[in-house]
Amino acid sequence: IGQPTKLVSPIKPDVVLTVIEKSKQLAAWTAVDHHVKPEHRVIGIGSGSTVPYVVERIVQLGAEANQLRVFIPTGFQSKELIVSSGLNLGDVDQFPTIDVTLDGADEVDHELNCIKGGGACHLREKVLAEAANTFILVADYRKNVKYLGTNFTPGVPIEVVPFAYAKVLQNLHHILGSPKASLRMAVHKAGPVVSDNGNFIIDAPFDLEKMKTPYTIMTQIKMLTGVVEVGVFCNMAQAAYFGNEDGSVTIR
Ligand code: 5RP
């Protein structure tokens, strides 16, 4: 897993993709082929390392088709990606209804609930998921799980206002039973990670039994004062695409 193979990107022939990267690309390209329709004018672009393959495939649809479209980012990274790919940039306040949003995920269960926020973008990602007529997840095979929390061990990402982070942590520890919940720190622990909205991120691991009821966990966390958004998405995605090691794609 993760070892370089002879899989070469047709877009960037000098780039040799690892099996995992190839899986991400397969999922992304298949999802674009199935869900970006010629009549679509407003497209949401998520965050993470799988989404660049979504944009790669959209660019392949051609300048003529894409000049009629506007692309809405979920954060700084996807904004840069849209601009550097020569696509039209828009904002959700101009386009509160989106034809289709394509986004990555940290884990997806068999009912299409997912954990997002590994990149601290889940607030804007949830807004774009909700604004979309169709919300599609793209990921490599490691994210395809029966129950959330199986492989993604950092826990549920929670965006909090900086003023409230210590109180939210205390409540997560003592009331919601996540004793290992912690503030996400930047590389080298130079300070807390700050989201695109100027907020802090807490990562809260819960035991697997609790994660079997993601809607309950999500609403309990969201009720804590100071919490802005929870990285558990329930009943939002219409489909999830997982690229597999053998070159196949699993569609849920
Ligand atoms: C960012 C996200 C990402 O979509 C999620 O972390 C998946 O990223 P990747 O495609 O790199 O695995 O939720 O907040």
Side-chain angles (χ1 to χ4, degrees), residues 1-2 17-32 43-58 71-82 92 100-109 112-130 132 135-145 148-160 184 186-187 192-205 214 218 221 227-234 236-237 239-245 249-250:
I1 290 175
L17 299 178
T18 64
V19 171
I20 288 175
E21 289 302 307
K22 187 69 193 169
S23 310
K24 292 177 186 181
Q25 188 189 52
L26 260 173
W29 283 27
T30 311
V32 169
I43 298 179
I45 300 293
S47 322
S49 60
T50 313
V51 161
Y53 297 115
V54 167
V55 173
E56 182 179 63
R57 190 59 161 172
I58 285 173
F71 296 84
I72 317 293
T74 51
F76 185 83
Q77 178 220 356
S78 45
K79 182 178 169 183
E80 294 290 293
L81 190 59
I82 291 165
V92 72
V100 58
T101 292
L102 299 112
D103 201 350
D106 297 302
E107 252 181 7
V108 187
D109 74 14
L112 299 182
N113 303 308
C114 63
I115 295 181
K116 291 185 49 54
C121 302
H122 55 280
L123 167 59
R124 294 190 189 196
E125 290 171 340
K126 208 176 256 192
V127 173
L128 261 65
E130 200 174 286
F135 176 51
I136 304 297
L137 297 166
V138 290
D140 66 73
Y141 52 91
R142 300 168 303 168
K143 316 293 185 68
N144 182 5
V145 295
L148 298 181
T150 305
N151 297 327
F152 188 69
T153 50
V156 175
I158 305 168
E159 179 155 348
V160 295
R184 192 182 295 179
V187 191
V193 166
V194 177
S195 74
D196 285 338
N197 316 299
N199 295 317
F200 291 170
I201 305 293
I202 286 173
D203 292 300
M218 179 188 77
I221 299 171
V227 168
V228 180
E229 196 46 83
V230 186
V232 175
F233 290 37
C234 295
M236 298 193 92
Y241 286 70
F242 304 96
N244 296 316
E245 286 169 286
V249 178
T250 299

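Each ligand, and each atom within it, is numbered from 1 in the order the structure gives. Along the sequence shown, residues are numbered consecutively beginning with 1. As a basis for the values below, the full set of heavy atoms in this structure was taken, side chains included, without hydrogen atoms, waters or symmetry mates.
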query: Is the closest side-chain donor-acceptor distance between Ser23 and Glu245 under 3.5 Å?
result: no

For residues 149-157, please give each side-chain donor-acceptor pair under 3.5 Å, one per line with the distance, not counting sequence neighbours.
| residue | atom | partner | partner atom | Å |
| --- | --- | --- | --- | --- |
| Thr150 | OG1 | Tyr147 | O | 2.4 |
| Asn151 | ND2 | Arg142 | O | 3.1 |

message: Residues around ligand 1, heavy atom under 4.0 Å from any ligand atom, sorted by chain and number. Can you pull those?
response: Ser47, Gly48, Ser49, Thr50, Asp103, Gly104, Ala105, Asp106, Lys116, Gly117, Gly118, Gly119, Ala120, Cys121, Glu125, Lys143

Heavy-atom donor-acceptor pair, Asp103 side chain to Ser47 backbone, under 3.5 Å: yes

task: Output all residues satisfying salt bridge (Lys or Arg N to Asp or Glu O under 4.0 Å) with Asp203, sequence neighbours left out; order by chain, then residue number.
output: Arg184

message: Going by the rule salt bridge (Lys or Arg N to Asp or Glu O under 4.0 Å), which residues pair with Glu229 if we only count those two or more places apart in sequence or in a different chain?
response: Lys126, Lys222

message: Between Asp140 (side chain only) and Lys24 (backbone N and O only), is there a donor and an acceptor less than 3.5 Å apart?
response: no

